[in-house]
Amino acid sequence: QLQLVESGGGLVQAGGSLRLSCAGSGRAFSDYATGWFRQPPGKEREFVAAISWTSAVELYADSVKGRFTTSRDNAKKTIYLQMNSLKPDDTAVYYCAAGSVGRNVRNYDYWGQGTQVTVSS
C-alpha cells in the first residue's frame with residue numbers, strides 16, 4: 001500500500017499563489033507516476049497535472065497550463081503543485097494520486113484525502 005497526504009491548501013485572493021504538497025509513505029514512491037486532480041463544488045473530479053516517476057513527462061490540463069507546475073522529489077517521497085495566478089474557477093478540493101502517468105482517474109491506484117483550495121474574487 002502507498003499512503004498519500006496532501007497539505008498546503010487554503011484561502012487565497014485571485015491572482016495569488018499556493019503550493020500544494022503530497023507526502024507519500026509505504027510502498028516505493030518512486031515506482032509510480034503521480035498526478036493532481038481537483039473536484040469543484042457540484043462537479044466531477046477533473047485532471048490537473050501529472051508527472052512521470054523520472055520527471056521526464058509532464059502533463060497539464062489546458063485550463064492550468066502556464067499557471068501551474070508539478071514537480072517531485074523522490075528522495076523526500078513528495079510531489080508538489082505550484083499554483084500561480086489563481087482564479088476563482090480554481091476553487092476545488094485538490095487530490096494527489098499515484099499510478100501510471102495519464103489524464104484519466106483510472107490511471108491511478110492510490111489517492112490522498114484531498115485539500116481545499118478556495119480562491120476569492
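Predicted model, so just to flag it, every value in this text is computed and none were measured.
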If you take all heavy atoms of [X] and [Y], which pair is closest and at what distance?
{"X": "E44", "Y": "Q39", "value": "C-CG, 4.0 Å"}
{"X": "A98", "Y": "Y32", "value": "CB-CB, 4.0 Å"}
{"X": "S17", "Y": "N84", "value": "OG-OD1, 2.9 Å"}
{"X": "A92", "Y": "Q116", "value": "O-NE2, 3.4 Å"}
{"X": "Y108", "Y": "A50", "value": "OH-CB, 3.3 Å"}

### Task
For S63, enumerate each residue passing the side chain to side chain contact (heavy atoms under 4.5 Å, CB included) test, keeping only those at least two apart in sequence or located in another chain.
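Result, side chain to side chain contact (heavy atoms under 4.5 Å, CB included) vs S63: R38, A61.
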
### Task
Can you sort out the partners of V119 under side chain to side chain contact (heavy atoms under 4.5 Å, CB included), two or more places apart, ordered by chain and number?
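Partners of V119 under the side chain to side chain contact (heavy atoms under 4.5 Å, CB included) test: V12, A14, L86, P88, D90, T91, V117.
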
Once rounded to the nearest 0.5 Å, what's the spacing between atom [atom1] of [X] and atom [atom2] of [Y]?
{"X": "R67", "Y": "M83", "atom1": "CZ", "atom2": "CE", "result": "9.5 Å"}
{"X": "Y110", "Y": "T34", "atom1": "OH", "atom2": "OG1", "result": "14.0 Å"}
{"X": "Q82", "Y": "T69", "atom1": "CD", "atom2": "OG1", "result": "7.0 Å"}
{"X": "L59", "Y": "S52", "atom1": "CG", "atom2": "OG", "result": "8.5 Å"}
{"X": "F29", "Y": "C22", "atom1": "CZ", "atom2": "SG", "result": "6.0 Å"}
{"X": "N74", "Y": "W53", "atom1": "CG", "atom2": "CH2", "result": "8.0 Å"}

### Task
Check whether NZ of the Lys or CZ of the Arg R72 lies under 6.0 Å from the centre of the six-membered ring of Y80 and within 45 degrees of that ring's axis.
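Judged by the rule, R72 and Y80 form no cation-pi pair.
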
### Any T115 side-chain heavy atom under 4.5 Å of V93 side chain
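No, too far: nothing below the 4.5 Å cut-off.
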
### Message
Could you check whether any side-chain heavy atom of L81 comes within less than 4.5 Å of a side-chain heavy atom of V48, counting everything from C-beta outward?
### Response
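Heavy-atom side-chain distance check passes, below 4.5 Å.
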
### Query
With hydrophobic residues grouped by side-chain heavy-atom distances under 4.5 Å, do V64 and L18 end up in a single group?
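The answer is yes; both residues are in one hydrophobic cluster.
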
Please set out all donor-acceptor pairs under 3.5 angstrom arising from side-chain atoms of residues 2-10, sequence neighbours excluded.
{"unit_1": "E6", "atom_1": "OE1", "unit_2": "Q113", "atom_2": "N", "d": "3.0"}
{"unit_1": "E6", "atom_1": "OE1", "unit_2": "Q113", "atom_2": "NE2", "d": "3.4"}
{"unit_1": "E6", "atom_1": "OE1", "unit_2": "G114", "atom_2": "N", "d": "2.9"}
{"unit_1": "E6", "atom_1": "OE2", "unit_2": "C96", "atom_2": "N", "d": "2.9"}
{"unit_1": "E6", "atom_1": "OE2", "unit_2": "G114", "atom_2": "N", "d": "3.2"}

### Message
With ring-ring contact (aromatic ring centres under 6.0 Å, His included) as the test, pick out the partner of F37 among Y95, W111, Y94.
### Response
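Only match with F37 under ring-ring contact (aromatic ring centres under 6.0 Å, His included): W111.
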
### Query
Using the benzene-type ring in the case of Trp, are the ring centres of Y60 and F47 under 6.0 Å apart?
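Between F47 and Y60, which both carry aromatic rings, the centre distance is not below 6.0 Å.
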
### Query
Judged by atom type as modelled, is there a donor-acceptor pair below 3.5 Å linking the side chain of T78 to the main-chain atoms of K76?
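Flag set: sc T78 to bb K76 pair under 3.5 Å.
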
